[in-house]
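Heads up: the structure comes next, in structure tokens.
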Amino acid sequence: MSAALELEKIQPAFADPVRESQIAFRKIMEAVARPGTRADFGSDLHPPAGLGAAAANVALALLDFETPVWLDPALRGTDAEAWVRFHCGCPLTVDPAAAAFAIVTDAKTAPRLDSFNLGDARYPDRSTTVILQVESLDDGEAVILSGPGVKDVIAVAPSGLPETFWGQMQDNNAKFQFGVDVLIVSGSALTAVPRSSNIQIQGG
Amino acid sequence: MSVQTGSNNAPERYYNYAYLDEQTKRMIRRAILKALAIPGYQVPFGSREMPVPYGWGTGGIQLTAAIVGPDDVYKCIDQGADDTTNAVSIRQFFAKVADVETTEDTSEATIIQSRHRVPEKPLKAGQVMVLQVPQPEPLRFLEPRETETRAMHAYEEYGLQYVALYERVARVGRINAGAGHPVMVEERYLMSPSPIPAFDNPKLGFSEAIYLLGAGREKRIYAVPPYTRVRSLDFEDHPFAVQTWDENCALCGADDAYLDEVVLDDQGAKMYVCSDSHHCAERREAGHVGPMAGHQLAQAEKEPAQ
């Protein structure tokens, strides 16, 4: 995992890192402040196979040497891993509980949410932020979010999630102040479900 | 590589866009996201040396520096006024280091930085209210040890705060602290709203805008997302109440704004004027007239911001 990078294979990231990471961050901030709403990062960025534009924007805006990153096994050893390592300079970890950020590209084989770092009672901010890449933000089973940042209620319906996922998210919310914060991404779109969001499973 | 973020003054700017280096901004940005995910909880962050002393708004300046872009419109107020020294210099700072357009108009601003006031005009979606906080820990005057206050927040041990409020009621007969009246966020975290008057406390709850609070010396960031329940602490028999005045604004006649007392001479003459200078000016332009309209104070406020 610490093999030398083959630099000639690494694709470019932001053309203007200062400006573009600021734009990306503001979109992420609005999304986290308003769970269930949609941010779109456009298609200027062309990350390597395995990473969508939204996941790549989040990585470039937020990851650096201070943030141990858990990469989905599907990404390990790929160009995507080399790209993240090169552009973000972040350490990688295979221990979910040690990760500040996790990039999950296959939700069905991913570890349970509670195997990531849920934070400390005194320092709940130390929990993992999970970047969860799914097939689509629209075609899945709809759940209803409420809580801070949501005016009344808002529905989200990402597809490609394991059946137990929203149950895990309910458990995650029930543990507040502990919990992971999830950024669900697909292609260039992102929607956030922080630990503060109450989740109602329809028909469940 | 060409620096596209640069601008007209790029050659003279020997530091990064918005003053802070990129790694510092990322660190602050990560803290902001955790603060939004855990409303009211104080996230520790690596506060940097800023080109103003602690106490002059270093927490708010770092928050603004981490979020600002050249497309933003920036407003900065001290008390409610756009034209006080601290507000003018912070506004000029960001015009210089972040190429940001500045304004006094609450409704056109996308980032509003303040210490003591939340503008009278309701905030809307797309706006970020940045508050500069001197003491982020509401329990600090009751418990000086950070290790203990951390634990009190962790286990929601807020009895001491209620005892302190009770003592205030017992001593002075009412609960109001005037400024910095503590609030409960989503019935979980006790939070200091920074030294805004209790008058502004109700604006924190179910706002459309995002509230970010930063304490530079104390190295803490916390936040209130939009549509979040914020309750000012009180007792059933001593309900929370905001300040009221017998007078209206002497310049614009407003009867629902937060008023400052202005001493006019040494004979006891005084007037009450809106603390929010832009709100007052806008009302006067719209034809509202107070009992002392045309007073020289109204002229002073017409000077441009820059």
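Residue numbers start from 1 in every chain, and the chains themselves are labelled A, B, ... in the order their sequence lines are given, proteins ahead of strands.
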Crowding at CD, Q135(B) (>12 non-hydrogen neighbours, <6.0 Å): yes
To the nearest 0.5 angstrom, please state how far the CD atom of E186(B) sits from the CZ atom of F176(A). 8.0 Å
Cut-off 4.5 Å, heavy atoms of chain B, and the answer for L63(A) is backbone
Gap separating the CZ atom of R26(A) from the CZ atom of R29(B), nearest 0.5 angstrom: 9.5 Å
Side chain, backbone, both or neither: which part of T129(A) has a non-hydrogen atom closer than 4.5 Å to chain B? both
Of the listed T228(B), L212(B), I67(B), the one with the largest count of heavy-atom pairs under 4.5 Å with chain A is I67(B)
Looking at E163(A), I want to see if its CD is surrounded by more than 12 non-hydrogen atoms of other residues, nucleotides or ligands under 6.0 Å. no
Heavy-atom cut-off 4.5 Å, strictly under: side chain, backbone, both or neither for I32(B) against chain A? side chain
Checking F101(A) against chain B: side chain, backbone, both or neither under 4.5 Å from a heavy atom? side chain
Among V224(B), L36(B), I38(B), V185(B), single out the residue with the greatest number of heavy-atom pairs under 4.5 Å to chain A. I38(B)
At a heavy-atom separation under 4.5 Å, does D21(B) approach chain A through its side chain, its backbone, both, or neither? neither
Minimum heavy-atom separation for R122(A) to Y155(B), with atom names? NH1-OH, 3.8 Å
Min side-chain heavy-atom separation T67(A)-R26(B) under 4.5 Å: no
For the candidates R34(A), M29(A), E30(A), which exhibits the highest count of non-hydrogen atom pairs separated by less than 4.5 Å from chain B? R34(A)
Pick one of side chain, backbone, both or neither for A66(B), based on which atoms fall under 4.5 Å of a heavy atom in chain A. backbone
Side chain, backbone, both or neither: which part of T147(B) has a heavy atom under 4.5 Å from chain A? backbone
Checking E208(B) against chain A: side chain, backbone, both or neither under 4.5 Å from a heavy atom? backbone
With a 4.0 Å cut-off on N to O distance, would you call D64(A) and R30(B) a salt bridge? yes
Give the member of A33(A), P194(A), A192(A) that has the highest number of heavy-atom pairs under 4.5 Å with chain B. A33(A)
Measuring only between side-chain heavy atoms, which start at C-beta, is S127(A) closer than 4.5 Å to K34(B)? yes
Heavy-atom pairs under 4.5 Å with chain A: which of P225(B), P226(B), A31(B), P44(B) has the most? P226(B)
Can a donor-acceptor pair be found between the side chains of E156(B) and Q177(A) at a distance below 3.5 Å? no
With a 6.0 Å cut-off (strictly less than), is the heavy-atom count around NZ of K151(A), excluding the residue itself, greater than 12? no
I'd like to know whether NZ of K9(A) has more than 12 heavy-atom contacts from other residues, nucleotides or ligands below 6.0 angstrom. no
What part of V128(B) gets closer than 4.5 Å to chain A, counting heavy atoms only: side chain, backbone, both or neither? side chain
Interface moiety of R188(B) toward chain A, non-hydrogen atoms closer than 4.5 Å: side chain
Part of Q23(B) lying under 4.5 Å from any heavy atom of chain A: both
Atom pair CD/CG of Q22(A) and D71(B) - distance to nearest 0.5 Å: 7.5 Å
Whatever's closer than 4.5 Å to a heavy atom in chain B on L183(A) counts as neither
With chain B, which of S197(A), P35(A), S196(A) has the greatest number of heavy-atom pairs at distances under 4.5 Å? S196(A)
Any idea which of G147(A), A121(A), P148(A), G179(A) has the most non-hydrogen atom pairs under 4.5 angstrom with chain B? P148(A)
Closest-packed option against chain B by number of heavy-atom pairs under 4.5 Å, given V150(A), D181(A), L62(A): L62(A)
